[in-house]
Amino acid sequence: MQSRATDFLGTIGESVARNLPYIDYARRFDGLGLAPLGVLIAACGTFFMPLPWNVLLAALVFAATLVMHRMREAKRKIFVARQVAHGLLSIAEDCLTLLSLEGRIMCISDVGLRLIGSERADDVVGIDWLALWDGPDGREAFERAQRGESTSFSGACRTMTGALKWWTSTLAPVYGEHGKITAVLCKSRDITAEVKLIDELRGNARVQKDMEDHVDAVFWTATHDFRELLHVSSAFERMWEMPVSTLEADQTAWSQRVHPDDLPALRDEMRTAVNTGAATQSYFRLCLPHDRTRWVRADIYPVTEDGAVSRVVSVCVDATDERQRLQELHRLANTDSLTGLSNRNAMMDALVKRCESDAPFAYLFVDIDRFKSINDTAGHIAGDAVLRTIAKRIHETLPDGAVAARPGGDEFTVILPGTFEQESIARACRKLSLACHRPIETDCKSVTMTCSIGVALYPEHGRTPEALFISADMAMYAAKRAGRNTFRVFGDREKDDLARAHLEAELHGAIRENQFVLHYQPQYRVDSGALVGVEALLRWNHPQLGLLGPGAFVSVLEESALIVEAGHWVIREAVLAASQLALALPAACSVALNVSPKQFRDPRLVSVLRHAIRRGGIDSNRITLEITESALIDNVDDAQDVLSNVRAMGVRIAIDDFGTGYSSLSYLARFRPDVLKLDKSFVDNIATDVMVRTVVEGVIDLAHKLGVMVVAEGVETQEQLDTLRDVRCDKVQGFLLGRPVPLESLMEQAEANEAATAQ
Ligand code: C2E
Ligand code: MG
Ligand code: MG
């Protein structure tokens with residue numbers, strides 16, 4: 001487009017220029033404006049002239065008139081051409097100059113004047129155009145134009161203000177009469193901005209190349225789809241050890257050197273960079289000649305233009321040292337420095353991975369028996385040597401895919417992949433036992449060790465590393481309990497132990513977080529049916545499992561020391577309930593609470609009880625402690641002391657579950673309780689079994705003779721209640737008459753019953 005427009009202007013310019021000589025020519029004949037007057041004078045003259053002179057004159061006058069007409073026509077054309085030329089000069093965006101054959105400026109366009117920094121044409125006209133240019137190009141082009149050629153050249157010249165400008169100029173000869181070159185027309189375009197830009201770019205490219213050549217990183221640019229490599233820096237040859245020409249011939253050649261295991265991840269990162277528009281990073285290995293490997297780190301940056309990733313730039317650096325350092329750090333962080341086996345970290349990682357893969361495996365916990373004695377008798381250096389030897393031997397017994405670790409001290413753990421039966425486990429454990437059992441030479445003596453091994457199987461004995469760790473540990477302790485130098489697989493007993501341990505941990509939380517509540521079961525007089533007391537029964541409001549009865553947790557509380565703490569809470573809570581009941585049902589109520597054997601023996605029992613009663617502000621005879629026979633009999637003398645202290649306070653004593661323990665009537669006489677609670681097992685059969693009824697009747701008679709009141713518990717049927725009335729039982733408690741409920745419900749019920757009776 002540009003060149004066509006330039007050509008067009010050139011052509012018009014030339015044709016206008018070609019007319020320029022006529023301007024001078026016409027100017028020379030400007031006097032012919034008086035020609036008509038000459039013709040008139042000539043016509044008058046012919047009238048007076050004789051033939052043939054008058055004819056000749058007339059012909060002459062006609063010819064002169066014709067010539068004058070032609071000349072006027074030519075002058076008009078010249079005028080039009082001049083206007084066109086002026087118009088062209090004023091609209092041309094380039095500098096147009098007309099040069100004399102000596103190379104001086106004869107004429108310049110207005111735009112040209114502005115471009116060369118001048119305001120008046122007079123300052124420019126006459127200047128030696130040839131002298132303006134640095135170098136010979138201007139002169140050569142001018143001389144060729146003088147010879148009739150149209151030429152162009154680019155060069156720099158100073159403007160009238162002294163500034164250096166770059167131009168690209170086209171010169172064309174201007175032809176005069178008879179095809180003679182009379183002048184040269186020059187059209188110059190100011191290209192200073194372009195030249196500067198190119199210079200700048202060249203400079204940048206040079207700096208970039210210098211940098212690329214001297215930096216050991218490889219810079220490359222590719223299209224966003226990675227189909228075309230747009231640029232690869234020279235360091236590629238050094239890093240890939242491959243000539244750039246190979247890459248130029250086959251743009252995928254770079255990938256042939258990338259380790260096949262690393263290529264998919266690298267390609268993934270390249271794609272991710274394009275898809276997300278965010279920089280990514282990838283590490284990969286280059287497989288170099290002579291079996292050498294070089295680690296490379298590639299940072300991949302997507303370049304976004306107009307909202308889309310147009311190309312990708314990447315910098316690859318040699319990361320071999322970095323990887324080696326990392327690997328070494330990783331090795332140190334995951335290795336036991338004494339034995340070279342994996343350490344606890346590494347074993348945990350391996351366990352996590354195994355569990356995630358969900359394939360079966362065995363986890364073995366190997367503990368050296370009596371290792372401490374080696375340290376004590378032969379010293380720590382010998383102890384270390386023993387551990388190193390055992391570790392080496394364990395390592396040697398391992399099948400493919402197995403992992404051995406020393407998490408610490410004299411413990412080793414092993415992961416054995418695969419499914420195991422009793423037989424295969426026994427075989428594996430025997431191999432490990434042998435590793436310990438073979439004599440070990442230390443500096444001072446030869447020692448023979450044994451080990452106890454605990455085995456947990458995935459997934460049967462745990463699905464998480466923590467669960468497997470605990471299971472194997474418990475199994476190992478079972479092996480120790482079984483006399484050491486043997487192995488145990490995690491089994492039912494360990495499972496129960498584990499469940500109990502878990503429950504115990506939860507019970508700590510239950511006390512801390514106040515999850516216990518008391519429910520109250522009513523006790524009635526058999527003769528009158530009046531509500532005379534309640535028994536406080538412990539419940540656990542478990543956050544996940546809901547309300548649990550004491551059967552689910554009291555034995556665990558009892559085994560741990562927690563029962564004492566929980567028992568103190570029960571005392572305080574039950575005494576508080578007794579004071580509330582005393583207000584609501586003054587005639588009726590005493591509160592019975594259960595005291596466990598351990599709590600009964602706790603020296604703080606009496607003071608806790610006293611303090612609670614004082615705080616509750618109630619008569620102490622409203623409180624009954626229920627104690628099982630076994631609690632009394634286990635330590636008779638201590639029991640006597642506690643009993644007398646409690647009784648001295650005015651608190652009553654009941655023997656709970658009478659008939660399930662020793663049931664020795666002599667103890668009844670010895671401890672002299674206030675209440676005897678007949679166990680449910682008697683009540684269950686009392687209405688149907690005469691023998692049971694007779695025994696119960698005898699017990700009640702005896703109790704009455706000793707001044708002991710009898711409460712039957714677990715009354716579920718009317719027949720049982722009727723029979724108990726017949727055998728003169730004092731009080732009853734059971735589902736027939738009321739289940740254990742929260743205190744508020746019990747009081748509401750009792751008040752409603754009282755109101756009903758009063759009406
Ligand atoms: P226990 O002291 O002999 O309490 C009576 C148990 O018999 C209660 O069971 C009660 O709900 C249940 N029972 C009452 N009437 C009937 C009936 O008609 N049929 C049936 N099938 N059962 C009936 P619970 O509440 O499960 O308590 C069980 C045991 O837990 C108690 O036996 C007691 O030995 C112990 N216990 C309860 N609360 C505490 C406590 O606060 N401290 C201690 N140390 N032990 C407690
Ligand atoms: Mg009880
Ligand atoms: Mg009982």
Side-chain angles (χ1 to χ4, degrees), residues 507 510-511 515-524 533-542 546-578 590-602 605 608-609 612 623-632 634 652-661 663 673-687 710-721 723-724 729 731-743 745-746:
L507 281 167
I511 291 177
Q515 291 169 356
F516 287 132
V517 286
L518 288 181
H519 280 191
Y520 297 86
Q521 188 176 28
Q523 295 171 341
Y524 296 90
V534 294
E535 181 181 1
L537 294 160
L538 188 58
R539 302 286 181 264
W540 178 11
N541 214 344
H542 192 284
L547 203 63
L548 301 178
F553 61 90
V554 161
S555 61
V556 181
L557 275 181
E558 182 80 28
E559 273 169 27
S560 67
L562 286 174
I563 191 69
V564 176
E565 206 176 326
H568 290 168
W569 178 84
V570 170
I571 291 175
R572 285 191 288 268
E573 194 71 10
V575 171
L576 217 64
S590 73
V591 173
L593 57 97
N594 295 279
V595 176
S596 80
K598 213 176 242 174
Q599 190 186 2
F600 187 67
R601 286 195 296 274
D602 184 73
L605 174 71
V608 171
L609 197 58
I623 302 296
T624 307
L625 297 192
E626 294 191 4
I627 303 148
T628 54
E629 284 171 284
S630 53
L632 294 172
D634 277 354
R652 291 144 59 88
I653 301 289
I655 294 188
D656 204 355
D657 303 340
F658 187 82
T660 55
S663 304
D674 302 285
V675 180
L676 189 148
K677 290 194 79 176
L678 208 56
D679 190 66
K680 184 174 181 298
S681 51
F682 286 107
V683 177
D684 283 346
N685 302 315
I686 196 166
V710 179
V711 179
E713 54 184 350
V715 180
E716 289 179 342
T717 67
Q718 189 60 45
E719 292 75 38
Q720 289 168 354
L721 180 61
T723 316
L724 285 165
C729 180
K731 296 179 191 173
V732 281
Q733 174 185 349
F735 291 173
L736 177 69
L737 303 158
R739 287 177 177 262
V741 287
L743 185 67
S745 322
L746 184 109

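Read the numbers this way: they start at 1 and go in the same order the structure lists the ligands and their atoms.
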Taking distance alone, no hydrogens or angles, what donor-acceptor pairs closer than 3.5 Å link side-chain atoms of residues 564-574 to residues at least two apart or in another chain?
none

Q. What's the atom name of the N, O or S in Glu713 nearest to the Mg ion (ligand 3)?
A. OE2

Q) Can you tell me the N, O or S atom of Asp657 that's nearest the Mg ion (ligand 3)? A) OD1

**Q.** Glu558 with Lys598: basic N within carboxylate O range, under 4.0 Å
**A.** no

Using a 4.5 Å cut-off on heavy atoms from C-beta on, say whether the side chain of [Y] contacts that of [X].
X	Y	answer
His519	Leu547	yes
Arg539	Phe516	no
Ile627	Ile653	yes

Q.
If you apply the rule side chain to side chain donor-acceptor pair (under 3.5 Å), what do you find for Gln733 with Glu713, and how did you get there?
A. CA-CA 5 Å; Gln733 174 185 349; Glu713 54 184 350; 4.9 Å; no

**Q.** Residue Asp656 atom name (nearest to the Mg ion (ligand 2); N/O/S)
**A.** OD2

Q: For Glu716 and Gln720, work out which heavy atoms get closest and say how close.
A: N-OE1, 2.7 Å

Q) Taking all non-hydrogen atoms of both residues, which atom of Phe600 and which atom of Ala631 are closest, and how far apart? A) CD2-O, 4.2 Å

Q. Is there an N/O/S atom in Glu535 at a distance below 2.8 Å from the Mg ion (ligand 2)?
A. yes

Q: If you have a sec, read the angle at the Mg ion (ligand 2) from Asn594 atom OD1 over to Glu626 atom OE1, to 10 degrees.
A: 90°

Q. Applying a heavy-atom distance cut-off of 4.0 Å, which protein residues contact ligand 1?
A. Gln521, Glu535, Leu537, Leu538, Arg539, Pro550, Val570, Asn594, Ser596, Glu626, Asp656, Asp657, Lys680, Glu713, Gly714, Val715, Glu716, Gly734, Phe735, Pro740

